Colleague: 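My questions will all concern the structure given below.
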Amino acid sequence: MTAKPNILVIGTGGTIAGQGKAAVNTSAYLCSVLGIDEILDTLPQASALANLRSEQLLQTGSENFNNEHLLAIGKRVAEVLAQQDVDGVVITHGTDTIEETAYFLHLTLKSAKPVVVVGSMRPPSAMSSDASLNLYDAIAVAAHPSSHGIGTLVVANSEIHTARDVVKSNSFKLDAFRSPYGALGWVIEGVPHYYRRPARAHTLDTPWFPERLSRLPKVEIVYGYGSLETVAVEAIAANAHGLIFAGTGNGNIASHLLKPLRDAARHGVNVVRASRTGNGIVLRNGAQPDDEYGWLTVDDQIPQKARLLLMLALTQDADTNALQAVFTRY
Ligand code: GLU
């Protein structure tokens, strides 16, 4: 019999650390109140899967996470993954922005060891809470050899998602996490079952390291609609290195907003056309003449993931062609 792997569970808060007044409170409760040790104490079954250690890195709702939080999580996870006595990491996290932290780690960590980000839609105190099973499944995934070398994963509702694709797509249901091309696999009774692997470059195949990043460039997201005022776009563009425009449909832009966005690009802001549909490809030079306007386009990245990718790309000397290329490589 082989020795159990050593898994570090890092707590950062969220609903998985939440508490409601009554079992019926599936949506109204305090989040980020239980410490990671308290959470693990309620899950003795997990010690059959791995030798567990824990640490509390943060204790806050993930809607508060900014670039500094991402860097702090990235640096700490990079540090522990470098330790020989750590075989994998599980991060408990609010679900609101779980897809962003997970994608940041997926793009920056330099390790093949499994890293799993997990949350829950209902607090442990609620009826039919998903907290303990999601955490048990996350530990099972992090402890399993088949999870090596496939980047950062998000585990929820018995599914294993790649951080690149997963998105929270519902505000309250247990079945909230979606990947446009499907999950990588499932977890059942503590055993992961994989059916596909990530196709795009990640972790060891990227030029970014959390420990080498001291700050991230300012990239904003603007959500497009027909009455969006020019002054709003101008004000945001005036103070940004990059601007992801979540346009309608195929990244389309209302006629009156073309000027402020073209002006922004002339002044050195990296303007990226994305789509507010949440799905699909934005075709370069399709809805707008991007070459002529000096704009970039996402491939299939949703705006919040495009923001992370552009921030990382802007930490390096990159011309327009190199910036455009990151959207098809990662
Ligand atoms: N808004 C809180 C957060 O993102 C709770 C949501 C959740 O964890 O499901 O941390």
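No experiment lies behind these values; they were computed from the predicted model shown. Just so you know, ligand 1 is whichever comes first in the structure, and atom 1 is the first atom listed for that ligand.
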Colleague: Side chain or backbone, does Thr60 bring an N or O within less than 3.5 Å of an N or O on ligand 1?
Modeller: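 Between Thr60 and ligand 1, no N or O pair is found under 3.5 Å apart.
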Colleague: Is it true that Asp165 and Lys305 have a side-chain N and a carboxylate O under 4.0 angstrom from each other?
Modeller: no
Colleague: Verify the neighbour count for atom CG of Leu258: are there more than 12 heavy atoms of other residues, nucleotides or ligands below 6.0 Å?
Modeller: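 Counting other residues, nucleotides and ligands, CG of Leu258 exceeds 12 neighbours.
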Colleague: Would Tyr29 count as being in polar contact with ligand 1, using the rule that some N or O on each side must be under 3.5 angstrom apart?
Modeller: no
Colleague: Under a 4.0 angstrom heavy-atom cut-off, which atoms of ligand 1 come close to Ser62?
Modeller: 3 (C), 4 (O), 10 (O)
Colleague: Is there a donor-acceptor contact under 3.5 Å linking the side chains of Arg273 and Gln288?
Modeller: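 Absent: no donor and acceptor within the cut-off.
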Colleague: Which is it for Ser120 and ligand 1 at heavy atoms under 4.0 Å: side chain, backbone, both or neither?
Modeller: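 It is the backbone that touches ligand 1; the side chain stays farther off.
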Colleague: Donor-acceptor pair, Arg196 side chain versus Tyr181 backbone, under 3.5 Å?
Modeller: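 Between the backbone of Tyr181 and the side chain of Arg196 there is a qualifying donor-acceptor contact (under 3.5 Å).
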Colleague: Taking atom CD of Glu189 as the centre, does the number of heavy atoms from other residues, nucleotides or ligands within less than 6.0 Å exceed 12?
Modeller: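 Counting other residues, nucleotides and ligands, CD of Glu189 stays at 12 neighbours or fewer.
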Colleague: Output the list of atoms in ligand 1 that are nearer than 4.0 Å to some heavy atom of Gly61, sorted by atom number.
Modeller: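 With Gly61 as reference, the close atoms of ligand 1 come out as 3 (C), 10 (O).
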Colleague: Hey, is ligand 1 close enough to Glu63 that some N/O pair sits below 3.5 Å?
Modeller: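 Indeed, backbone or side chain, Glu63 has an N or O that close.
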Colleague: Provide the number and element of each atom of ligand 1 under 4.0 Å from a heavy atom of Gly14.
Modeller: 8 (O), 10 (O)
Colleague: Heavy-atom contacts with Gly94 under 4.0 Å: which atoms of ligand 1 show up? List them by number with element.
Modeller: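 What qualifies from ligand 1 is 3 (C), 4 (O), 8 (O), 10 (O).
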Colleague: Based purely on interatomic distance, does Thr97 place a nitrogen or oxygen under 3.5 Å from a nitrogen or oxygen of ligand 1?
Modeller: no
Colleague: List, one per line, each side-chain donor-acceptor pair under 3.5 Å for residues 88-95, sequence neighbours excluded.
Modeller:
from, atom 1, to, atom 2, distance (Å)
Thr92, OG1, Ile10, O, 3.4
His93, NE2, Thr101, OG1, 2.8
Thr95, OG1, Lys168, NZ, 2.8

Colleague: Under 30°, 30 to 60°, or over 60°: which ring-plane class applies to Trp295 and Tyr293, parallel, tilted or perpendicular?
Modeller: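 Ring orientation, 0 to 90° scale: perpendicular.
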Colleague: Below 4.0 angstrom, N of the basic side chain to O of the carboxylate: do Arg200 and Asp299 qualify?
Modeller: yes
Colleague: Starting from atom 9 (O) of ligand 1, which protein heavy atom do you reach first, and at what distance in Å?
Modeller: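 Looking only at protein heavy atoms, the one closest to atom 9 (O) of ligand 1 is Thr95 OG1, 2.4 Å.
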Colleague: If you have a sec, work out which protein heavy atom is nearest atom 6 (C) of ligand 1 and how many Å separate them, to one decimal?
Modeller: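 Checking every protein heavy atom, the shortest distance to atom 6 (C) of ligand 1 gives Thr15 OG1, 3.1 Å.
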